[in-house]
Amino acid sequence: MLSNGKKALIGRRLSLAMLLACFGLSAQAQPLQELPDVLVRAAKTCHVDPQAVTLSVVPLKDLLVPEDRPMPQVKPLIAVNADRHVSPASTAKLVTTLAGLERLGANWRWKTYFYADERPDEKGRVSQLYLKGGGDPTLVVEKFSLLVDRMAQLGVRHIEGDLVVDRSFFDIPEGDPSAFDGRGSRPYNQLPDAAVIGYRNLSFEFVPDIKAKKARIVAMPPLAGMDVPTSIPLSKGVCGDWKESIGYNLKQTKDGRLVVSFNGKLPKACGPKTFNVISLEADVFLERLFRGYWEKDGRTWKGYVRRGVVPQEATMIAGHTSDALADVTALVNKWSNNLIARHIYLSLGTLKERDDEDVPLRIKMDDAREVLAKWLTEKGVPLGDIYIENGSGLSRVSHVTARAMTQLLAAGWVSPRMPEYMSSLPISGVDGTMRKRKEALGRAHLKTGYLADVRSIGGYIYAQNGERYAIFASVHGERNMPGGIRFLNRVIEWTYEQKTQK
């Protein structure tokens, strides 16, 4: 026999269950607020403090949003420390790229133009040449070479004056590329430049020749007045930190030539390697690059590179249009390209309402932030729960919450741009930054994040139960970093192994 008190308690529980049923909910629908036992054990094995973990997983089954309605708040399957503000590292690019695809459009393209004061005369002479940068971060040196040759084929043979570079499309202050981590020469730290060519990157490929006991060097791009050795000695031992062992150096001689030297050796255990470095200031790099491509086949240039603005009355000579944003986005997400992410972010500023449409566009960082903030609100992200400083993960002030990130990913799932967005993400065990991680092999599209004190993942997992989930997870604190990736891999597995919800 049950006491009256127990009968009353059971009655209240039944009433609650009936109430939840009326709204299509169940007691099991409430999200887990703590890590399940299997992940608690994984955290212990990986020496990760569970309090340093943030996690949100959202089922995407039956998620529908009418076109004329705002994005509703989605209910997670699990939400652990999900409202804590944390650094996203490179998962910030999930925000940047979805905003770009939706607001700029999948067919958005950057444009770069050469102008002159007038059309070339009968001898192919122009007095002054201008390069108008349109913010294209994908204008690699091969495409720039074709643009230079196209200009020659359109009649320009002799440039009497300077090449004036117009970088005013981005109205941003000069920054220090070393400010984030002290490694300003690394390509990932390069700052936005509306007229950047070839990422301003010097690339040296080392191809070992074991019999000759040396590695042959292939240098790109070919810069005018730069001398590069043809080989570097090989050494014994493990590969280790091979970038430090080669001893790269660049000096300028009294006559203005650039001399590259390697005073170390490449460990032969490394195999073929490519060393990328930012060694030259933007105008110096562009001047030597342009001169190297231009001064051939009788073409001449008497001037130098300097900064300025293209006059309104200048004549357009030749131009280049980038690939569509839908194609470029894969470079950002699969290979975590920071410079392209920064340029997509800044380009959002073109959408800010302006008082005078006739004034040439000069995009400020705050223009992009304003456009992004408004878009995030439309996606149901609470104000302040996602703040992206510059579009990439290289920031000490960017912050997100796990709940807000899965809210955004759910919005991406129902977006008209979902196919382009999802296909841009690395596939587990297949490509990009997930190619070596075999968890949920071929069934997870996940962007990774990696900083000195952050490991993070965000994206979509197609689970064994036939359902898809949006996921964001991160681990923070230097003490937790050695096992951070292994723990996140276990989180991927846990999500992949989900049972069908009844």
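What you see is a predicted model; the values in this text were computed from it and never measured.
- Looking only at atom types and distance, the side chain of Asp181 has a donor-acceptor partner in the side chain of Asn189 under 3.5 Å away.
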- [ ] Quick one: do Lys93 and Ser90 satisfy side chain to side chain donor-acceptor pair (under 3.5 Å)? Show the steps, please.
- [x] CA-CA 6 Å; Lys93 297 181 179 76; Ser90 277; 2.8 Å; yes
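- Aromatic ring centres of Trp301 and Phe290 lie closer together than 6.0 Å.
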TODO: Using the ring-ring contact (aromatic ring centres under 6.0 Å, His included) rule, take Phe204 and Tyr248 through it: C-alpha gap first, then chi angles, then the decisive distance, then the call.
DONE: CA-CA 10 Å; Phe204 303 95; Tyr248 169 78; 5.8 Å; yes
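- A distance of 10.5 Å separates OH in Tyr115 from CD1 in Ile317, rounded to the nearest 0.5 Å.
- For the residue pair Thr433 and Trp335, no side-chain donor N or O sits within less than 3.5 Å of a side-chain acceptor on the partner.
- To the nearest 0.5 Å, atom CZ of residue Phe285 and atom CG of residue Asp193 are 11.0 Å apart.
- For the atom pair CG of Leu325 and CD1 of Ile344, the computed distance is 5.0 Å after rounding to the nearest 0.5 Å.
- A salt bridge links Lys143 with Asp323: at least one charged nitrogen is closer than 4.0 Å to a carboxylate oxygen.
- For His343 and Phe170, the distance between ring centers is under 6.0 angstrom.
- Judged purely by distance below 3.5 Å, without hydrogens or angles, the side chains of His158 and Thr300 pair a donor atom with an acceptor atom.
- For the atom pair Ile197 CD1 and Arg200 CZ, the distance stands at 11.5 Å (nearest 0.5 Å).
- Aromatic rings from Tyr460 and Tyr469 are positioned such that their centres are separated by 6.0 Å or more.
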